[in-house]
Amino acid sequence: MYFSKLLIPTLKESPADAEVASHKLMVRAGMIRQLAAGIYSILPLGLRVLKKVEAIIREEMDQVGGQEVFLPSIQPAELWQESKRWDFYGKELLRFKDRHDREFCYGPTHEEVITDIIRKDVKSYRQLPLILYQIQTKFRDEVRPRFGIMRGREFMMKDAYSFHTDEADTQKTYAQMAKAYANVFTRCGLEFKQVQADSGTIGGSFSHEFAVLADSGEDEIAFCEACGYASNMELAESRPGSASISTNGTEDRKEIHTPGKKSVEEVAEFLKLPREQIVKTILLENENGLVAGLVRGDHEINLIKMKNLIGCEWLLPVAEKTIDQQLGLPCGYIGPVELNIPIYADQEITALKNFVTGANKADTHFIGVQVKRDLKVSKFGDLRRILAGDPCPKCDEGKYQVKRGIEVGHIFILGTKYSEAMKAVYSDNNGKESPMIMGCYGIGVGRTAAASVEQNHDEKGIVWPRNLAPFEVIVIPVNFKNDDLKNTCESIYTQLKEMGVEVILDDRQDRLGGKLKDADLIGIPLQIIVGPKNLEEGKVEIKIRKTQESQLHPYPQIVNDIPNILKDL
RNA sequence: CGGGAUGUAGCGCAGUCUGGUAGCGCACACGGCUGGGGGUCGUGUGGUCGGAGGUUCGAAUCCUCUCAUCCCGACCA
């Protein structure tokens, strides 16, 4: 391609509304343009990158036996009502009516559609297992989209679904998918971790995320370097201490006046006690009403863990106003003693003796509280957020590290959640019908590209790994008016093209400086700079984008070596 | 959905406090001098100042409403 013929509107300045590197750089490099909040147009250079990601995904999906399909983006409400997600999915599901007043949504994901296809056309165990995938535009009406195509409302996603007769076969495919995902992200030049994750609104029993490590990531990843255990912070297990339900303590429970001391810090300081001697009581609400969560004063509660411990549909903090006004409980002095709602407590509480809690009375706390004697706990469990430096729950040597990550892929074992709700059943060799067991597997295509930019950029611009680069080589004449240079460049360009190298020729009339700035900005791995002085000596300059290393090589011999040089990029 | 901010030329911004009929840099078009790391001189094009209403002789500027976008939080494969 000739640079002057392509729409590559590069910018010198970053757009004012861009915050993270990938967003700024992809806009500056003329790859994306915003149309509305979280909705982006992909320009030619950007599309070339996305197509590279897609091609890698297709190869890896086909490798594990995936079959590509293309499902509708607009889906009828009835399907979503069948799976119960029409009510459950909330405002993120973009809904609208057609001219006949029938309700539809723009698909945020495709479990319903794919399950509908399979239930109609697959009846026998002989037809299973099946893996189907598609690469398609999704729409999720997120409250707050941000960071360019990293977290758009409309975005390109690869979603795959597998159908099985038994759990073991599902596990096998799940493991193969995990390997395929690792291959995809490795080929995209990303440093990532496969982490244990919560399954969220998709549902199901078992899931892992693929997280690209980057400071701009929105997820927190906890991992142990010693044994390799890695988890989303949402789920990261804490290692139980020397937990044993404390016997009746040595002290009696006593009220104590703590005027104006609400936070754990304030109470600890006031009573001259360590924070771990205080128990925090957090009020929460779920579909069955109010519940309380207890954690040690130096710990933070983890709502996902708590939701999973209770086994409820949803769990949200109760607003301070509601606590004060509707419950008549004084915020800051709430405690578990004689609190008549279900109480769930972190396992660490069981080891405490003579601790402090709120007394459900303004300006008052209890001291000398004992678990066994004073509390009615519905269930103990792992409820706290882990902290960096905490001991690893899986091995004896390791300690947790916490880093930020971008979730580029997520795999789930769904079980029979959708097949039961939507009656996707098969007959086994005895003619008996059972619901199929399902798995689902997603990759954010645009997000993967953006994550790659987050990991591969410098102050000059993007540094694409070769496998994602929109072009592998850019040929830059110092001056395109000079016929000699022009002919040489065109000859290099043509030869490389014939060798199967993806090459672009910067035929613009601009000065050299501008062309080099653009080449660095858009991140093409290899630059060939052709100038009159070097050419007189039979040489051209080869510059590596990543290292900025530049070397003179004999021309025309060097042209045949380009594929070799590219191998290392 | 709570808190904060911003909307002026394609992009980045000044002007708003103190009302007087719109400006800078880049980009773009044409021409000159240039030509190895965003060069230089000149001449141009382009804006109903996010929108609606109001106050005023007069509104980018003051008031009211509204829309959009961004940030923090909550939420979220």
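Every value quoted in this text rests on a predicted model; they were computed, and no experiment measured them. Letters A, B, ... are given to chains in the order of the sequence lines, protein chains preceding strands, and every chain is numbered from 1.
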Could you work out which one of [options] sits closest to the side chain of [X]?
{"X": "Lys517(A)", "options": "G38(B), G12(B), A74(B)", "result": "G38(B)"}
{"X": "Val143(A)", "options": "C1(B), G73(B), U34(B)", "result": "C1(B)"}
{"X": "Leu303(A)", "options": "C75(B), G36(B), A77(B)", "result": "C75(B)"}
{"X": "Glu92(A)", "options": "C76(B), U69(B), G38(B)", "result": "C76(B)"}
{"X": "Pro532(A)", "options": "U34(B), U69(B), G36(B)", "result": "G36(B)"}
{"X": "Leu512(A)", "options": "C76(B), G36(B), A77(B)", "result": "G36(B)"}
{"X": "Arg144(A)", "options": "C71(B), A77(B), C70(B)", "result": "C71(B)"}

Any chance the side chains of [X] and [Y] put a donor and an acceptor closer than 3.5 Å?
{"X": "Asp159(A)", "Y": "Tyr161(A)", "answer": "yes"}
{"X": "Lys280(A)", "Y": "His299(A)", "answer": "no"}
{"X": "His208(A)", "Y": "Tyr174(A)", "answer": "yes"}
{"X": "Asp520(A)", "Y": "Gln527(A)", "answer": "yes"}
{"X": "His457(A)", "Y": "Ser22(A)", "answer": "no"}
{"X": "Glu541(A)", "Y": "His553(A)", "answer": "no"}

Select base, sugar-phosphate, or nothing to describe what [X] touches, counting heavy atoms under 4.0 Å on all strands.
{"X": "Asn482(A)", "result": "nothing"}
{"X": "Gly90(A)", "result": "nothing"}
{"X": "Glu407(A)", "result": "base"}
{"X": "Asp159(A)", "result": "nothing"}
{"X": "Lys138(A)", "result": "nothing"}

For G39(B), does the base pair up with any side-chain atom of Arg511(A) as donor and acceptor (N or O, under 3.5 Å, distance only)?
yes
Donor-acceptor pair under 3.5 Å, Lys515(A) side chain vs G38(B) base:
no
Searching all strands shown, indicate the nucleotide that pairs with [N] (Watson-Crick or G-U wobble; both distances under 3.5 Å).
{"N": "U43(B)", "result": "A29(B)"}
{"N": "A5(B)", "result": "U69(B)"}
{"N": "U55(B)", "result": "none"}
{"N": "C17(B)", "result": "none"}
{"N": "U48(B)", "result": "none"}
{"N": "C24(B)", "result": "G12(B)"}

Show the distances under 3.5 angstrom between N or O atoms of the protein and N or O atoms of nucleotides 22-30 of chain B.
residue : atom : partner  : partner atom : Å
G25(B)  : N2   : Glu13(A) : OE1          : 3.4
C26(B)  : O3'  : Lys12(A) : NZ           : 3.4

Could you measure between the two [atom1] atoms, the one in [N] and the one in [M], and give it in whole Å?
{"N": "A52(B)", "M": "G46(B)", "atom1": "P", "result": "22 Å"}
{"N": "A77(B)", "M": "G2(B)", "atom1": "C1'", "result": "25 Å"}
{"N": "C76(B)", "M": "G15(B)", "atom1": "P", "result": "42 Å"}
{"N": "U64(B)", "M": "G25(B)", "atom1": "C1'", "result": "36 Å"}
{"N": "C28(B)", "M": "G38(B)", "atom1": "P", "result": "16 Å"}
{"N": "G47(B)", "M": "A9(B)", "atom1": "P", "result": "10 Å"}
{"N": "G4(B)", "M": "U45(B)", "atom1": "C1'", "result": "39 Å"}
{"N": "U56(B)", "M": "C24(B)", "atom1": "C1'", "result": "30 Å"}

Roughly, in whole Å, what's the span from [atom1] in [X] to [atom2] in [N]?
{"X": "Met150(A)", "N": "C71(B)", "atom1": "CE", "atom2": "P", "answer": "12 Å"}
{"X": "Lys91(A)", "N": "C1(B)", "atom1": "NZ", "atom2": "C1'", "answer": "7 Å"}
{"X": "Arg508(A)", "N": "G38(B)", "atom1": "CZ", "atom2": "C1'", "answer": "11 Å"}
{"X": "Lys543(A)", "N": "G36(B)", "atom1": "NZ", "atom2": "P", "answer": "16 Å"}
{"X": "Leu315(A)", "N": "A74(B)", "atom1": "CG", "atom2": "P", "answer": "15 Å"}
{"X": "Lys24(A)", "N": "G12(B)", "atom1": "NZ", "atom2": "C1'", "answer": "13 Å"}
{"X": "Arg151(A)", "N": "A77(B)", "atom1": "CZ", "atom2": "P", "answer": "9 Å"}
{"X": "Glu234(A)", "N": "C76(B)", "atom1": "CD", "atom2": "P", "answer": "8 Å"}

Pairwise 5' ranking along RNA chain B for Asn479(A) and Tyr40(A), keeping only the more 5' one
Asn479(A)
Starting from the 5' end of RNA chain B, give me the residue, Gly442(A) or His23(A), whose nearest nucleotide shows up first.
His23(A)
Only pairs at least two apart or in different chains count here, so list each salt bridge (Lys or Arg N to Asp or Glu O under 4.0 Å) that has a residue in residues 523-540 of chain A.
none
Aromatic Trp80(A) / basic Arg95(A) pairing, under 6.0 angstrom, 45° off normal:
no
Do the numbers put Lys193(A) on top of the ring of Phe223(A), so that NZ or CZ is under 6.0 Å from the six-membered ring centre and no more than 45° off the axis?
yes
Tell me whether the OP1 or OP2 atom of C70(B) has a side-chain N or O from Gln34(A) closer than 4.0 Å.
yes
N-O pairing of Asp518(A) and Arg508(A) below 4.0 Å:
yes
Among Ile504(A), Asp510(A), Ile476(A), side-chain contact (heavy atoms from CB on, under 4.5 Å) partner for Phe3(A):
Ile504(A)
